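Here the structure is a predicted model, which is why all the values come from computation and not from measurement. Sequence lines set the chain letters: A, B, ... in the order given, protein chains first and strands last, and positions in each chain run from 1.
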There are 2 protein chains.
Amino acid sequence: MKFDLSQTEENYLKAIYSLFVVSNKAVSTNKIAEKLATKASSVTDMVKKLSEKELVNYVKYQGVSLTENGREIAIHVIRKHRLWEVFLVRHLGFQWDEVHEVAEQLEHVKSVKLTNSLDAFLDFPRYDPHGDPIPDKEGNFAKRDVAVLSSLKIGQESKIVGIKDSSSEFLKYLDKVEIKLGAAIKVLHKESFDNSMMLWIDKKQISISQQIASNLYVKQQD
Amino acid sequence: MKFDLSQTEENYLKAIYSLFVVSNKAVSTNKIAEKLATKASSVTDMVKKLSEKELVNYVKYQGVSLTENGREIAIHVIRKHRLWEVFLVRHLGFQWDEVHEVAEQLEHVKSVKLTNSLDAFLDFPRYDPHGDPIPDKEGNFAKRDVAVLSSLKIGQESKIVGIKDSSSEFLKYLDKVEIKLGAAIKVLHKESFDNSMMLWIDKKQISISQQIASNLYVKQQD
DNA sequence: AATTTTTTTTAGACAAGTCTAAAAAAAATA
DNA sequence: TATTTTTTTTAGACTTGTCTAAAAAAAATT
Ligand SMILES: [Mn+2]
Ligand SMILES: [Mn+2]
Ligand SMILES: [Mn+2]
Ligand SMILES: [Mn+2]
């Protein structure tokens, strides 16, 4: 039950986890290859290995899903990734678009004490700098009810709570137009021909394209 | 000049560096193998590779030394190792005997910004929890004049400034007998038959064996 | 249903790092 | 100096993770 996995194996588990979360069905070889910037044949090899270790369910030609063990490990790696991101932003002066690459390395450091002490040091943060929830020691984390900003109707008010595409470019764009997590918003207008939106964000009025709006998560209205 | 080395390569450079520092002459294949808990044949292979990259000087049968580039990299890895040790002890509640293994992993995380921000966050510490000096951004660090405690004569006073053997067992022993870095000491007596020493440490009188005394660094007297 | 296209797997190769066993060189001893 | 012992290197093999090219299976089109 307690393996010592390589960084590569951990990265595969994480990739499978995050792909599964969006589609909610067995993940294809090609999708994994794309996510990890590798080749489908390499994925097949690795998936066989993970299957032997009972970390994934794999049937030839039918995609991959995580076993309970595999899921636990994936979530634990994600926990470390997000905790480190919080540390980098809060204490080392990193911008939110600079943390991912470094967290990608730090997430593989193996020490239960390190992870849990870091969690305590940070005062048990619930969300990372991009609004993604941080699993606790037991692997539990809030499944937030979020909607994409682009789905809001005219007149609706909400709050920005997360970023879907956390690429450096997108994050820098958000900085430039001063869109921050936690900002209160109100939809003023939607252009029907391109679905761009005019909105109030905090005290400012701004227009954003559909592309942008569909990469921002807002608090789900009840 | 700016390679991206594997963790293994970095560990070899560090090992060669530290072996060179004690003997001040070309390091033997066997010594490296012992230090890294591997086999001499593996060392030969790796040393050839590092030599191709011009990180070590290597002549068959004549041992290994670091080139200027190799030395810089080794020192940079040591810098990271020691900074992380400080972080773990100061901020995450680690004991000084628990940090080495984790720092051994953290030292390989690649991010100049991370290293330098951590350094600043820690307020540019000059020594790690074991009294080892921390190289600055440029790789400079004080070459301290230290002596081993066992070399002190009766009546001499000094201060404990470093630990030679930082094994967990030894560090735990020091905790048990309450020997701390920075402690003021005075040699009261030396048994001639076993070279054990009776000393004042802070306000306590204690007797330690030669073995212990030769693993403690004290401030060099002028 | 037959054919074409796409996806996935297999086969075989390679690089990194390691090992054991054997050969070669160096060092120590007689 | 000759012989023995120790150290170091080479040869060949193995593991992990990767790749390309080809084969097989599944899915999409006609
Ligand atoms: Mn990673
Ligand atoms: Mn994040
Ligand atoms: Mn290391
Ligand atoms: Mn140390």
Quickly work out the [X] [atom1] to [N] [atom2] distance and round it to whole Å.
X: A:N11; N: D:dT18; atom1: CG; atom2: C1'; result: 15 Å
X: A:I32; N: D:dT18; atom1: CD1; atom2: P; result: 12 Å
X: A:E10; N: D:dT16; atom1: CD; atom2: P; result: 16 Å
X: A:E52; N: D:dT15; atom1: CD; atom2: P; result: 13 Å
X: A:M46; N: C:dT8; atom1: CE; atom2: C1'; result: 17 Å
X: A:D45; N: C:dA15; atom1: CG; atom2: P; result: 17 Å
X: A:K39; N: D:dT18; atom1: NZ; atom2: C1'; result: 10 Å

Kindly give the atom pairs (protein nitrogen or oxygen, nucleotide nitrogen or oxygen) under 3.5 Å for nucleotides 25-29 of chain D.
unit_1: D:dA25; atom_1: O4'; unit_2: A:Y61; atom_2: OH; d: 3.4

Report yes if a side-chain nitrogen or oxygen of [X] is closer than 4.0 Å to either non-bridging phosphate oxygen (OP1 or OP2) of [N]; otherwise report no.
X: A:T44; N: C:dT9; value: yes
X: A:K48; N: C:dT10; value: yes
X: A:T38; N: D:dC19; value: yes
X: A:T8; N: D:dT16; value: no
X: B:Y58; N: D:dT8; value: no
X: B:Y12; N: C:dA16; value: no

Just by distance, with hydrogens left out, do [X] and [Y] show a side-chain donor and acceptor under 3.5 Å apart?
X: A:H108; Y: A:N11; result: yes
X: A:N30; Y: A:S28; result: no
X: B:S18; Y: B:K35; result: yes

Counter-base of D:dA23, judged by Watson-Crick or G-U geometry with both distances under 3.5 Å:
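The base-pairing partner of D:dA23, which may sit in any strand shown, is C:dT8.
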
Give none if C:dA30 has no partner; otherwise give the nucleotide forming a Watson-Crick or G-U wobble pair with it, both distances under 3.5 Å.
D:dT1

Side chain to side chain contact (heavy atoms under 4.5 Å, CB included) between A:N69 and A:E54, intermediate numbers included:
CA-CA 8 Å; A:N69 274 346; A:E54 300 190 64; 5.6 Å; no

Might you work through the side chain to side chain contact (heavy atoms under 4.5 Å, CB included) test for A:I163 and A:W96, ending with a clear yes or no?
CA-CA 11 Å; A:I163 318 290; A:W96 68 347; 4.0 Å; yes

Does the salt bridge (charged side-chain N to carboxylate O under 4.0 Å, His left out) test come out yes or no for B:E101 and A:K113, once each step is laid out?
CA-CA 12 Å; B:E101 196 192 351; A:K113 172 154 188 165; over 6 Å; no

On DNA chain D, compare the nucleotides closest to B:V43 and A:E9; which residue's is nearer the 5' end?
B:V43

Using the closest heavy atom to pick a nucleotide of DNA chain D for each, name whichever of B:N30 or A:S42 lands nearer the 5' end.
B:N30

Applying side chain to side chain contact (heavy atoms under 4.5 Å, CB included), run through B:L13 and B:L5 and close with a yes or a no.
CA-CA 10 Å; B:L13 292 179; B:L5 299 184; 3.6 Å; yes

Which one, C:dC19, D:dT9, D:dT20, comes nearest to the side chain of A:S41?
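Given the options C:dC19, D:dT9, D:dT20, the side chain of A:S41 is closest to D:dT20.
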
Answer with base, sugar-phosphate or nothing: what part of the nucleic acid does B:K31 contact at a heavy-atom distance below 4.0 Å?
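The residue B:K31 makes no contact with any strand.
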
Walk me through it: do A:V109 and A:K80 pass the test side chain to side chain contact (heavy atoms under 4.5 Å, CB included)?
CA-CA 9 Å; A:V109 174; A:K80 290 190 280 179; 5.8 Å; no

